[in-house]
Amino acid sequence: MTHETYTNPVLNADWSDPDIIRVGDDFYLTASSFGRVPGLPLLHSRDLVNWTLVGHALERLEPAAEFTTPRHDCGVWAPALRYHDERFWIFWGDPDQGIFQVNAPEIRGPWTRPHLLKEGKGLIDPCPLWDDDHDEAYLVHAWAKSRAGIKNRLTGHRMHPDGTTLLDDGKVIVDADRIPGWFTLEGPKLHVHDGWFWILAPAGGVETGWQGAFRSRGFFGPYEEKVVLEQGDTDVNGPHQGAWVSTPSGEDWFLHFQQRGAYGRLVHLQPMRWDDDGWPVIGDAGAPVAVHRKPDLPPQPTAAPATDDDFPGGRYGRQWQWTANPQDGWATHHSGDGLRLTCARTTDTDDLRRLPNLLTQRLPAEPVAVEVELRLHSQEVGARAGLAVLGDAYSWIGLQRGADGTVMFVHRFAEPVADRERDASEPCPAPSGRVHLRIEIGTNARCRFFYDVGDGQRPSGQVFAATPWRWVGALLGLFALAPVGTGHAGAAGFARFRISSLH
């Protein structure tokens, strides 16, 4: 009998720090969203291979005053998704605020407002556990040295079963400084299995590390450890921060991420079993698999999170996120198709990295062409709009209203250390105020830019190598802005956003 196979990664874009649960026949996944809004993406699958984005659990980042401007590497770090007492729960750490949780009766909500469970700096990667057999609840979390001055240890708490308060001051339950060769232990996921408390947690850094398993007969330890997944001879560096889930037939599977530069953290699916000593064995004898038979689950149609958008009624799809908490009026609804972005006035006209009204989605980790049609409606001198590849460095193409009233095609870029952008090519007239924009993103996220103002497609500028932020992969972005002034500065229209494979 032959079995269908899947190829890793199963999510070929930046779905960072995945966690997963099964409820009945449905699998749900969430991931880090850092400073983007809405946050806490919610993905659904029936076979662990084909995933769709069904919503978000966090409408706005809190406290709201902290996220009026972009904080690309802050915000929501490494959430844990659980199902308990007929409710969905998500716990996450904001490294500057503390540990939060939200919950909902259904995956699509309504979700509660964020509740601050433990205040403090450097508290990251929390994961709860309800031990219903003993009517106990626990929480484990890691530490960010950048905020707390400590790392490489896991702290455990007793938690009230209603998930609102911690019942003690916490105790270090794993100190990896005492384990030879271990460093940067983080991302713990907590389980009970076969009479043991289990903590599945990575160490060694996101690009070079390994996945560990820890077990103890009691929650507060002592724990013994074992490396259960590492790169080996594969090209899957640093298999990291994953989630264990079981199928209805009893198969065990493990999802983790792989850091891939500008593409961010891609999600891989690994088979998992238990050895004779009761330890998990992940992948092929502890090394990641590239191709494997699919899980023993009903066949599903091919699916992936949406990317294309016609913006019906001026509404953007759930694949889009702002780079800060949005304000009313950034995108206006209307009766036709197409996105209408207001040219928001800003002092940051020369640096898109500081722009809160930038609508983004993830950069696919394969060769693609990104296309959109743009029309600049603003009459304001200096108003501009475009399509960007955004990271620690960025480059964008689009339209700008010149001092003489003409609309020009422009192509600009900024290096990581620069506080202002520069021209990447000579501006040229766009007499109709319209342009078709195209970016071809090839191997190693190298971007080539093209434009058509009505007389055929032309190349623009040099090749641009996309860059990540510190923890976030590069983003595709749409924006419209205008210099500081008085009154409404008009808008820009975007239509037929498409991402197509270059294979």
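Given the structure is predicted, the values throughout are model-derived calculations rather than measurements.
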Where do [X] and [Y] come nearest, in terms of heavy atoms and distance?
X      : Y      : result
Gly122 : Ala148 : CA-CB, 4.0 Å
Pro70  : Leu355 : CG-O, 3.4 Å
Ala424 : Phe413 : CB-CD2, 3.8 Å
Pro126 : Ala80  : O-CB, 3.3 Å
Thr342 : Asn357 : O-ND2, 4.4 Å
Pro114 : Leu58  : CG-CD1, 3.4 Å

Kindly indicate whether the side chain of [X], heavy atoms from C-beta on, has any atom under 4.5 Å from the side chain of [Y].
X      : Y      : result
Arg362 : Gln321 : yes
Asn152 : Lys145 : no
Leu11  : Leu43  : yes
Phe91  : Arg82  : no
Val370 : Leu363 : no
Asn8   : Gln258 : no
Leu476 : Thr307 : no
Thr69  : Asp348 : no

request  = In sequence, state the C-alpha distance, the side-chain angles, and the governing distance for Trp51 and Trp15, and then conclude on ring-ring contact (aromatic ring centres under 6.0 Å, His included).
outcome  = CA-CA 11 Å; Trp51 292 90; Trp15 301 94; 9.6 Å; no

Within a radius of less than 6.0 Å around [atom1] of [X], do more than 12 heavy atoms belonging to other residues, nucleotides or ligands occur?
X      : atom1 : result
Gln300 : CD    : yes
Asp404 : CG    : yes
Gln457 : CD    : yes
Arg498 : CZ    : yes
Glu59  : CD    : no
Arg60  : CZ    : yes

Under 3.5 Å, is there a donor-acceptor pair between the side chain of [X] and the main chain of [Y]?
X      : Y      : result
Gln101 : Gly163 : yes
Ser32  : Asp17  : no
Arg345 : Thr486 : yes
Arg46  : Pro301 : no
Thr467 : Asp392 : yes
Arg384 : Gly398 : no
Arg260 : Asn237 : no
Asp73  : Arg470 : yes
Asp125 : Pro188 : no
Thr360 : Gly477 : no

key: Intermediate values then yes/no, side-chain contact (heavy atoms from CB on, under 4.5 Å), His503 and Glu366   = CA-CA 9 Å; His503 282 308; Glu366 59 182 338; 4.0 Å; yes

Can you tell whether the side chains of [X] and [Y] come within less than 4.0 Å, N to carboxylate O?
X      : Y      : answer
Glu415 : Arg422 : yes
Glu440 : Arg438 : yes
Arg458 : Asp452 : no
Asp337 : Arg496 : no
Asp169 : Lys118 : no
Asp423 : Arg412 : yes
Arg87  : Asp85  : no
Arg147 : Asp96  : yes

request  = Apply ring-ring contact (aromatic ring centres under 6.0 Å, His included) to Tyr316 and Trp322, showing your working.
outcome  = CA-CA 11 Å; Tyr316 49 86; Trp322 299 101; 5.8 Å; yes

message = Checking Ser45 against Asp47: is there a side-chain donor and acceptor pair closer than 3.5 Å?
response =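 Judged by distance alone, the side chains do pair up.
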
What orientation do [X] and [Y] show, parallel under 30°, tilted 30 to 60°, or perpendicular over 60°?
X      : Y      : answer
Phe464 : Phe449 : tilted
Phe479 : Trp396 : perpendicular
Trp89  : Trp130 : tilted
Trp92  : Phe100 : parallel
His157 : His141 : parallel

Out of curiosity, [X] [atom1] to [Y] [atom2], how far, rounded to the nearest 0.5 Å?
X      : Y      : atom1 : atom2 : answer
Lys189 : Leu129 : NZ    : CG    : 13.0 Å
His256 : Leu266 : NE2   : CG    : 10.5 Å
Thr323 : Arg353 : OG1   : CZ    : 13.0 Å
Gln361 : Asp14  : CD    : CG    : 12.5 Å
Trp320 : Arg36  : CH2   : CZ    : 12.0 Å
Gln241 : Leu200 : CD    : CG    : 11.5 Å

query = Run the side-chain contact (heavy atoms from CB on, under 4.5 Å) check on Val245 and Leu48 step by step: do they pass?
reply = CA-CA 10 Å; Val245 69; Leu48 294 172; 4.1 Å; yes

key: Trp143 six-ring centre to Arg153 NZ/CZ under 6.0 Å and within 45° of normal   =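 The answer is no; the distance or angle limit is not met.
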
request  = For His56, check side-chain hydrogen bond (donor to acceptor under 3.5 Å, both in side chains) against everything at least two apart and list the hits.
outcome  =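 Testing His56 for side-chain hydrogen bond (donor to acceptor under 3.5 Å, both in side chains), a comparison that skips the adjacent residues, returns none.
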
message = The test is side-chain contact (heavy atoms from CB on, under 4.5 Å); show your working for Ile90 and Leu42 and say whether it passes.
response = CA-CA 10 Å; Ile90 302 179; Leu42 302 166; 3.9 Å; yes

ask   = For the ring pair (Phe, Tyr, Trp, His ring centres under 6.0 Å) test, which of Phe27, Phe88, Tyr28 pairs with Tyr83?
value =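 Of the listed options, the one satisfying the test is Phe88.
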
